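Down below is the structure, laid out as C-alpha cells.
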Amino acid sequence: MNKVVSNADEAIKDIADNMTIMLGGFGLCGIPENCINALVRKGVRGLTCISNNAGVDEFGIGLMLKTRQLKKMIASYVGENAEFERQLLSGELEVELIPQGTLATRVLAAGYGMPVIFTPAGVGTEVAIGKEQRNFNGKEYLMEYAFDSDFALVKAWKGDTHGNLIFRETARNFNPMMAMAGRTTIAEVEILVEAGELDPDQIHTPGIFVHRIFLGRNYEKRIEQRTVRKKV
Amino acid sequence: MNKVVSNADEAIKDIADNMTIMLGGFGLCGIPENCINALVRKGVRGLTCISNNAGVDEFGIGLMLKTRQLKKMIASYVGENAEFERQLLSGELEVELIPQGTLATRVLAAGYGMPVIFTPAGVGTEVAIGKEQRNFNGKEYLMEYAFDSDFALVKAWKGDTHGNLIFRETARNFNPMMAMAGRTTIAEVEILVEAGELDPDQIHTPGIFVHRIFLGRNYEKRIEQRTVRKKV
Amino acid sequence: MLDKTGIAKRIAKEIRDGYYVNLGIGIPTLVANYIPRGMKVVLQSENGLLGMGPFPFEGEEDPDLINAGKQTITTVPGSAFFDSAMSFGMIRARKVDLTILGAMEVSETGDIANWKIPGKMVKGMGGAMDLVASAKLIIVAMQHVNKAGESKLLPKCELPLTGVRCVRKIVTELAVIDVTHQGFKLIERAPGVSTEQIINATAGKLIVHGEIPEMIID
Amino acid sequence: MLDKTGIAKRIAKEIRDGYYVNLGIGIPTLVANYIPRGMKVVLQSENGLLGMGPFPFEGEEDPDLINAGKQTITTVPGSAFFDSAMSFGMIRARKVDLTILGAMEVSETGDIANWKIPGKMVKGMGGAMDLVASAKLIIVAMQHVNKAGESKLLPKCELPLTGVRCVRKIVTELAVIDVTHQGFKLIERAPGVSTEQIINATAGKLIVHGEIPEMIID
C-alpha cells in the first residue's frame, strides 16, 4: 500500500507522447510544480492538457508551452500568456474553452464513474453547438461527457504513504476531483507523513484514488495578482 | 448570517403534513435524533421520508412509523423493523427501494443542481423497469432523477453559527449530501461554536447549504450490532 | 453621472442581510467595499471559498489564498474552503443569492455577452457561463455605452452570448434598469442625468413610466 | 467439503498485495481474517470508510464507527472517512479491486440474485446493486445448493436479479468455479469432493477440462 516514489521524474516516467493529462490548480495556485518541471525535463510532446488555466509565460503550464510540448489545451480561461496566444493564432496549438463549472463537473463525473452530466451552463451560446440539449423540469441543460485522462497530476499540502491527501485553502480547487479522475493519479505534496498520522476525518482525497505520491521540492508558489492593503 | 435556533421543535416548526423530508444517517449511525423526536411530538403526518434506512422499532425513523406519520419510505434497506413490515404488508405504508449508491447520487445531484445522473446500478433488474436506459462507451446506464425535498434533516458532530458542519467518522454517510440537497436544511450538532472557531480547511459542509442549526441534546446513539473482541 | 465607485455603491444597495454573493472581476469587486453597515453578507469566490475577506496586509500575502481574479485575499470568521465541483454545485443549485458581473452587451430579453469578441484573442469564459445560467439574481455592472459611443443595451446582443434570458437588473453610469418581460425598464436616473439622455443611450426597447426618480447614494 | 471458514480461507487466496477490497455481510466478512501474511490490503466499507480494522475491544465500541453491516468496528493507520456519494463514486469508477459477496443464485452467464425472494418481506438491496454493476472483480461466496438441496448455480436465475453478467468467480463448500463466456468452469475441488459430486450439484452448464485439482488451503 506504500505509494511513495522518490521524486517527480520517477513519478512521471511513463507519461508518453500524445497522452492526455489533467493538472490541478487555479491560476498558479495549487499547481503541480514539480511534475510540470519534470515533464519539461522529460520532453514528452503532443500532450493534451486538461487544466482550468494554462499558466503564465515563464511558469506553470506555460513552461510546457514554451517547449512546444502541448498539442491541445482544454481550459476555461487562458489569459496572461503571450506564448499561448502566439501558438493559438499560428495554429500550432489547439484550444477547447469550456465553462469552469462544466470543467469541474466533467472531472467529477469521471471520478464518480458517471458517463455524462447535465448542466445549464452554455445553453443558448456557442458552447451548446453540436451538443445534446434536453429539458428537465422546464429548464434546458446540455449533456457533457466525463473526461478520460491517462494521468492526473495533483498538488496537495499534506499526504501520507497510502496516498491520502489534504489540501490547503484555495489551493484545493480542481485537485481533489482530478485526483479521483485520473486513470493513474500522481500527487505531489509539501509534507509527506506515514500512514496513520493524518486524521481520517480530515482527509480530502482518500488514498484509493492516488497511485503515486512524492515529496515535492522547491515550491515557488508564484502569485499572479499581489493585492494588499496598508496597515493603518 | 446567524442560523442558530434554540431547539429541535423550533427548527422543525414549519414541517407540515404531506411534505417530503430527507434524513441523514446509515442505520442508526449519524441520524438526526433530536429532529425525529420533535417530529413525533409535533405529530405531522403523511410524510415521505428519504433515508437510507427506516430505523428500528423503538428508535430513529421507527418512532415515526409507530405513530403512523409516514406515508412513504424511500430507502435502500429497511430490515430490522417489525412495525415497518406490518405497515408495508397491510398496505398502510408505501415503500420504494433503490440501490444505495443511486440514493446517494440522486441526493448529490440535487445538491449540485444536476437534474439527473446515469448509473449502471440496477441495469437488467426490476429497478430498471420504466426507466430510461442508455449506452455510453459500451456500458448500459439508467437515468435517475435528482431528489426534490422540502426539508433535509442532518446530524453533524460540530457546527458553527454560520451553519458550517463537520462530521465524525462513519456518522458522516448521507448527511453532507442531504445538507446540500434540502430546500431547507436543518442541522443538529453535538458541539456548536461561534463562526471562526472551525478550521476553514476542515469543514465538510459549508454553511451556505444550511438554513438552521441547533445544539442537539441527550444523544442516545444506539448501536445496532455491538461486535467486540476480547483483550488478549 | 456615476463613476465606477458610484455604480458599485448603487449596486450595494441591492444587497440584503444574509445574502451569499458572488462578485465578478472589475466594478463588481468594488461592491464589497460598500455593503451597508450592519448587514451580514458572505462573499463566494468560485475557486473555492465562502467568506472572502479584504486584501491581506503587506507582507501577509498567502499564495494558497486567492480569489477568482487570482488576487491575494484573506478569510473572515466562518469561512469555508471547498473544491471547484462543490463550488459550481452550489452555484448550479442556486444557493448563491446574488451574482454581480460586468458585461459587454445586454439585450432587452436579458441575454448577456461578456466573454468573447470575434477577431480578438479569446481568453475564455471562466465561470461566467455557469454563473449566468444558474444564478437566482444577476445584476450587471457596466458602462451604458462603449468607447465608440454605441449603446451596450441592445434589442439583441451582437457579440457571442454568455447566457440567455438571465440578467434581471443593470446599473450603469447613467441609470438603474430592470430587465422585464416587456423589455428594459428605467427605474432610476443617475444624479444629474436626464431621462432623455438615458433614452438616447439605450438601443433596446426602454420602458419609461411617469417621473423617474434620481437615485440616492451616499 | 469446506465449512464457512474454509470458503473464506480459499477466497482469501485470491487477494493480491495492494488490493482495495469490499466485503459483503456473512462469509465474505470472514475473509478479512485470512488475508495472507505480508499482504497489504485496504478494506472498504461502503458506508464511508477505507481502512476498516477489527472489532473494537470490549468497552471501546464507538457508535459513530460502524461498517456496512452496522457492526461496531475500528480504523487502521491510513484510514479515511468520506460520504456515501464519494463511496459509491469510487465503487462506480472501479477503484475497488475486489468485491466479495454472498448470493442466493448465480447463472452460468454471471447474473446474480441476492436481494429478494418473492412472497417474502423484501428488506432492500442496500449497496449490492451498485457493487455488482461496477466492480472490477466479483467473487461470490455461497453454498453450492440451497436448503432444499437444489443447485444455486443455474442456467438462468429464477429469483429477481441483483445484476447481470458480473460474477467472475464462485467459491462454494464444494468447488471453485470460474464464470466464463462458455459457462461455469470447474477450477478446483474442495478436499474430499469428487468432480461428479460437483457436476451433480450444478444445474447450469459446467465445463470440466481434464483432471481437476483439489484445492490447497492451510
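Since the model is a prediction, treat every value here as computed from it, not as a measurement. Only heavy atoms go into these numbers, but all of them, side chains included; no hydrogens, no water, no symmetry mates. Below, read A as the first sequence line, B as the second, and so on, with proteins coming before strands; counting in each chain starts at 1.
For B:Asp201, the parts lying near chain C are the backbone and the side chain together; criterion is any non-hydrogen pair under 4.5 Å. The contact between C:Val41 and chain B is made entirely by backbone atoms, counting heavy-atom distances below 4.5 Å. Heavy atoms of B:Ala109 lying under 4.5 Å from chain C are absent altogether.
For the set B:Asn2, B:Asn164, B:Ile208, the entry with the most heavy-atom pairs within less than 4.5 Å of chain C is B:Ile208. Contact count against chain B (heavy-atom pairs under 4.5 Å) is highest for C:Ser79 among C:Gly48, C:Gly18, C:Ser79. Chain C forms more heavy-atom pairs under 4.5 Å with one residue of B:Asp160, B:Ile203, B:Val193 than with any other, namely B:Ile203.
Looking at every heavy atom in both residues, B:Met114 comes nearest to C:Arg92 through CG-NH1, 3.7 Å. When all heavy atoms are compared, the tightest approach of B:His162 to C:Pro77 is CE1-O, 3.6 Å. B:Ala110 and C:Ala93 get closest at one heavy-atom pair: O-CB, 4.0 Å.
Within a 6.0 Å radius of NZ in B:Lys139, more than 12 heavy atoms belonging to other residues, nucleotides or ligands are found. Within a 6.0 Å radius of CG in B:Asn135, more than 12 heavy atoms belonging to other residues, nucleotides or ligands are found. For C:Met121, the CE atom counts as densely surrounded, since its 6.0 Å shell holds more than 12 non-hydrogen atoms of other residues, nucleotides or ligands. More than 12 non-hydrogen atoms from other residues, nucleotides or ligands lie less than 6.0 angstrom from NZ of C:Lys13. Other residues, nucleotides and ligands contribute over 12 non-hydrogen atoms within 6.0 Å of the CG atom of B:Asp14. Residue-environment remark: NZ (C:Lys4) stays at or below the threshold of 12 foreign heavy atoms within 6.0 Å.
Residues meeting the side chain to side chain donor-acceptor pair (under 3.5 Å) test with C:Lys136, sequence neighbours left out: C:Asp97.
Residues of residues 81-89 of chain C that come within less than 4.5 angstrom of chain B, heavy atom to heavy atom, are C:Phe81, C:Phe82, C:Ala85, C:Met86, C:Gly89 in numerical order. Scanning residues 155-182 of chain C against chain B with a 4.5 Å non-hydrogen threshold yields no residues.
The salt bridge (charged side-chain N to carboxylate O under 4.0 Å, His left out) analysis of residues 106-121 of chain C, with sequence neighbours excluded, yields the pairs A:Glu126-C:Lys116.
C:Tyr20 is listed as a side-chain neighbour of B:Met1, based on a closest heavy-atom distance under 4.5 Å.
The line from CZ of B:Phe209 to CG of C:Leu50 is 8.0 Å long, rounded to the nearest 0.5 Å.
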